[in-house]
Trainee: 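Before I ask anything, here is the structure I am working with.
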There are 2 protein chains.
Amino acid sequence: MDCVKNEKSAVQGAARGRPGYSREDVIRAAVRAFTARGYDATSMDNVASELGISKSALYHHISSKEEILELTVVQALSRLEGVAEEMAAADVSAGERVRGLLRGSIEVLCSDPKSVALLLRLRGNSEVERSALERRRTLTRSVVPLVEEAQEEGAIRSDIEAPLLTRMIFGMINSTSDWYEPEGRLDAEELASAFESVVFGGLAPQATG
Amino acid sequence: MDCVKNEKSAVQGAARGRPGYSREDVIRAAVRAFTARGYDATSMDNVASELGISKSALYHHISSKEEILELTVVQALSRLEGVAEEMAAADVSAGERVRGLLRGSIEVLCSDPKSVALLLRLRGNSEVERSALERRRTLTRSVVPLVEEAQEEGAIRSDIEAPLLTRMIFGMINSTSDWYEPEGRLDAEELASAFESVVFGGLAPQATG
């Protein structure tokens, strides 16, 4: 097992030439540490301890906490933006596009909940954080016209204004990143269906199935 | 204006004998700083700068960051627990108790969103934080049997299990603490009604107004 791990790491970590852990392993361990303690409270020392390696060994893989943040949070953000762009271009009704956005966002979130949780907790204490926060705001704002279009179409209730509905939908979806376990009992597909059903139908007993 | 402020502060801050800012002012400024930078990234120096006072003047009001956390987060938590206890004892159907819990939680949140946001971001890095997190978990768990009862009663859909429904409801409610402004356009009562309506009825166009 150790042999296989080292072989895999030797390929992935080749550029930095460290055996034992790949760059990917290091990033995953760092994100685990950030999730457990919070990003600001985690030092590179904590990340090194999490892996049982020295700080200098850690710096062979990664140059700073910020680099890890950029690699994980920005990647999650890009995938969420990808879902929004795909839906904006889809040739279906606005109501269907809202459903697609909801399902697609949950799928991104379920594949990497810890990075999304990190994104949602950023406070803007550095340039990387501020830029990610700004992209997150732009993304949320871009959904409002889609919700409005679905309201005009009659697919979504129009007694509550679109910005508030958008916040409610995203609030519910995003909170999943606090508890979802990719290895758990519930897969992304099942969770996306449950959300779609509750977001559209509410808690009221459903007429059909 | 300054005169009035000092007069008010002189009363509230009497116990610690510092003019200019009351203990309440200091706590509010600290919570603002925690919200802006994150709790772990905020030092007592930052809080002192926020108020334009020296660090030693700050320590006349408050002994530590943890004391502030305890005063704000634990207070918000106690009020949320109060809502849950009141609903557990209420002599109405389980469905009505879920609605009451939802509305009551939003009211607590709207009256002090920053303290609730702080509570939701705690990672358990100290005894105060771990104890608050444990109380938060106990509170969330205590709602599941109520949701189950409402499902048995037929007031809430039963095609999705109660723990997941509970997480969805609280996820949506809690996220309000990220953006709600008590001085803003939307009052707590209106927001609670919008949430109740969307949580129970969903996004689908509503049969009646």
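Only a predicted model underlies this, so the values are computations on that prediction, with no experimental measurement involved. Chain A is the first sequence line, chain B the second, and so forth, proteins listed ahead of strands; every chain is numbered from 1.
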Trainee: What part of A:Phe195 is in contact with chain B, defined as an atom under 4.5 angstrom from a non-hydrogen atom: side chain, backbone, both or neither?
Mentor: both

Trainee: Which atom names give the shortest non-hydrogen contact between B:Ser175 and A:Gly171, and what distance separates them?
Mentor: OG-CA, 3.2 Å

Trainee: In terms of heavy-atom contacts, does CD of A:Glu86 have more than 12 from other residues, nucleotides or ligands at under 6.0 Å?
Mentor: no

Trainee: In terms of heavy-atom proximity below 4.5 Å to chain B, should A:Ala155 be classed as side chain, backbone, both, or neither?
Mentor: backbone

Trainee: Quick check on B:Ala150 against chain A: is it the side chain, the backbone, both or neither that has a heavy atom closer than 4.5 Å?
Mentor: neither

Trainee: Under a 4.5 Å heavy-atom cut-off, does chain A meet the side chain of B:Glu161, its backbone, both or neither?
Mentor: side chain

Trainee: For B:Met168, which of A:Val198, A:Thr176, A:Ile173 qualifies under side chain to side chain contact (heavy atoms under 4.5 Å, CB included)?
Mentor: A:Val198

Trainee: Under 4.5 Å, counting heavy-atom pairs only, tell me which of B:Leu165, B:Thr35, B:Leu191 racks up the most with chain A.
Mentor: B:Thr35

Trainee: Please check if atom CD in B:Glu190 has more than 12 non-hydrogen atoms from other residues, nucleotides or ligands closer than 6.0 Å.
Mentor: yes

Trainee: Do you know which of B:Leu122, B:Leu164, B:Ile160, B:Val199 has the most heavy-atom pairs under 4.5 Å to chain A?
Mentor: B:Val199

Trainee: In the structure I gave you, are the side-chain heavy atoms of A:Trp179 and B:Thr140 within less than 4.5 Å of one another anywhere?
Mentor: no

Trainee: Between B:Ser197 and A:Arg157, does any side-chain donor sit less than 3.5 Å from a side-chain acceptor?
Mentor: yes

Trainee: Looking at A:Arg37, is its backbone amide N or carbonyl O close enough to the side chain of B:Asn125 to form a donor-acceptor pair, meaning the two atoms are under 3.5 Å apart?
Mentor: yes

Trainee: Contact between A:Arg167 and B:Asp178 at the side-chain level, heavy atoms closer than 4.5 Å - yes or no?
Mentor: no

Trainee: Check each of B:Val147, B:Ile156, B:Leu102 against A:Leu203 using the side chain to side chain contact (heavy atoms under 4.5 Å, CB included) test, and report the only one that passes.
Mentor: B:Ile156

Trainee: Just so I understand: if I count every heavy-atom pair under 4.5 Å between each of A:Gly154, A:Gly95, A:Ala36, A:Gly124 and chain B, which residue has the most?
Mentor: A:Ala36

